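One structure below.
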Amino acid sequence: MLEFLSGIRHLPGYLDRARQEALVEVIRTIVAEAPLYVPVMPGTGKPMSVRMTNCGPLGWVTDKERGYRYQPTHPATGRRWPDLPQELLDIWNDVAGYDKPPEACLINFYSDEARMGLHQDKDERDLQAPVVSISLGNSCLFRVGGLSRNDRTLSVKLSSGDLVVLGGEGRLCFHGVDRIHPATSTLLKNGGRINLTLRRVNPPS
DNA sequence: TAGTATCT
DNA sequence: TAGC
């Protein structure tokens, strides 16, 4: 049950095994073109535990000097991000309930030790569009709160193929990943978890 | 527009 | 800096 803030939807088992495998293949080709890198915190330069890349016209990046932002190019290669694959556009069209296509897909790779502290996705200018999150590989313990950091939180297990849609009132809720559950999926041969988040950055023109 | 942030 |  993930409805204590309206606009947060958990769709368990949304993607069947074949669609999960197809997505992993697509992600492999994206990562070959736009390699995973270790993002660091603004100001401190502390590395995050996830590795990250993007596809789509824009990608979310962070570094010590310039902080959180969206940009059209990979910070290491300087090349444009790979295109958003049709598989992801199809998912967006099915669940987002939003006219305009996503502009960014952040690809986060979690090793079995990686975590993600509670945070809000609020670097987008368009807060009307939802954020659509796709889980692949090992399951995780996901935690969702409210609009304020100290609000009560709820923990939910997310499994491979699950979707979470953060929209409406839930668009700016705090959320994070407390734990990856090792060896809970056979999708990724080397373990870990991939999370894809589809975001609309700019308001419709 | 300056300060802040997915860190611990 | 609670919750894992």
Side-chain angles (χ1 to χ4, degrees), chain A residues 1-2 4-5 8 10 34-56 58-71 74-76 81 102-127 129-160 162-167 170-185 191-203:
Chain A
M1 279 297 127
L2 223 174
F4 77 108
L5 204 59
I8 305 178
H10 179 201
L36 292 167
Y37 61 95
V38 178
V40 300
M41 295 295 293
T44 63
K46 269 186 188 278
M48 298 187 181
S49 59
V50 296
R51 293 189 299 153
M52 134 182 335
T53 188
N54 290 268
C55 59
L58 292 172
W60 186 89
V61 299
T62 169
D63 58 31
K64 189 173 191 286
E65 294 74 24
R66 297 175 61 195
Y68 301 167
R69 65 198 186 274
Y70 283 92
Q71 66 178 40
H74 190 291
W81 303 106
E103 293 171 294
C105 176
L106 176 60
I107 300 170
N108 280 150
F109 176 76
Y110 292 76
S111 68
D112 287 338
E113 297 76 40
R115 308 279 181 270
M116 181 71 79
L118 271 192
H119 67 279
Q120 293 172 297
D121 291 3
K122 58 173 190 183
D123 299 308
E124 302 72 29
R125 293 204 302 131
D126 185 352
L127 297 175
V131 170
V132 176
S133 160
I134 305 163
S135 293
L136 295 170
N138 285 341
S139 59
C140 75
L141 189 61
F142 181 67
R143 192 149 54 95
V144 199
L147 301 181
S148 164
R149 186 176 283 281
N150 14 329
D151 286 347
R152 175 177 60 91
T153 61
L154 185 68
S155 293
V156 184
K157 188 179 82 159
L158 299 184
S159 300
S160 195
D162 289 6
L163 252 57
V164 174
V165 182
L166 302 177
R171 174 62 181 77
L172 287 175
C173 70
F174 278 84
H175 58 281
V177 173
D178 282 333
R179 188 72 179 148
I180 305 297
H181 299 303
T184 46
S185 165
R193 170 177 184 264
I194 293 170
N195 183 69
L196 309 173
T197 49
L198 298 168
R199 298 115 181 264
R200 176 81 199 174
V201 180
N202 296 118

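Naming: A, B, ... by sequence-line order, numbering from 1 per chain. The shown structure was predicted, so the numbers you read here are calculated from the model rather than taken from an experiment.
Here the side chain of A:E103 pairs a donor or acceptor atom with the backbone of A:V201 at under 3.5 angstrom. At least one donor-acceptor pair under 3.5 Å links the side chain of A:R200 to the backbone N or O of A:N202.
Atom CD1 of A:I180 is separated from atom P of B:dT6 by 18 Å (rounded to the nearest Å). Rounded to whole angstrom, the span from the CD atom of A:E65 across to the P atom of B:dT4 amounts to 17 Å. Residue A:L154 contributes atom CG, which lies 14 Å from atom C1' of C:dC4 at whole-angstrom precision. Summarising the geometry, the separation between CE on A:M52 and P on B:dT6 is reported as 12 Å, rounded to the nearest angstrom. If you take CZ of A:R152 and P of C:dC4, they are 13 Å apart, rounded to a whole angstrom. Rounded to whole angstrom, the span from the CZ atom of A:R69 across to the C1' atom of B:dA5 amounts to 13 Å. Rounded to whole Å, the distance from OH on A:Y110 to C1' on C:dC4 is 14 Å. The NZ atom of A:K122 sits 8 Å away from the P atom of B:dT6 (whole-angstrom rounding).
Using a 4.0 Å heavy-atom cutoff across all strands shown, A:S155 reaches sugar-phosphate atoms only and no base atom. Nucleic acid contact for A:D123: base, since at least one base atom lies under 4.0 Å from a heavy atom of the residue.
A:V131 pairs with exactly one of A:V164, A:L198, A:D121 by the side chain to side chain contact (heavy atoms under 4.5 Å, CB included) rule, that one being A:D121.
Going from atom OG of A:S49 over to atom CE of A:M116 covers 7.0 Å, rounded to the nearest 0.5 Å.
Among C:dC4, B:dA5, B:dC7, the nucleotide with an atom closest to any side-chain atom of A:Y68 is B:dA5. Residue A:K46 places its side chain closer to B:dC7 than to any other of B:dT6, C:dC4, B:dC7. Which of B:dC7, B:dA5, C:dG3 sits closest to the side chain of A:P42 comes down to B:dA5.
A salt bridge does not link A:R199 to A:D126: none of the charged nitrogens lies less than 4.0 Å from a carboxylate oxygen.
Heavy-atom distances to DNA chain C give each of A:R149 and A:L141 a nearest nucleotide, and the one nearer the 5′ end belongs to A:R149.
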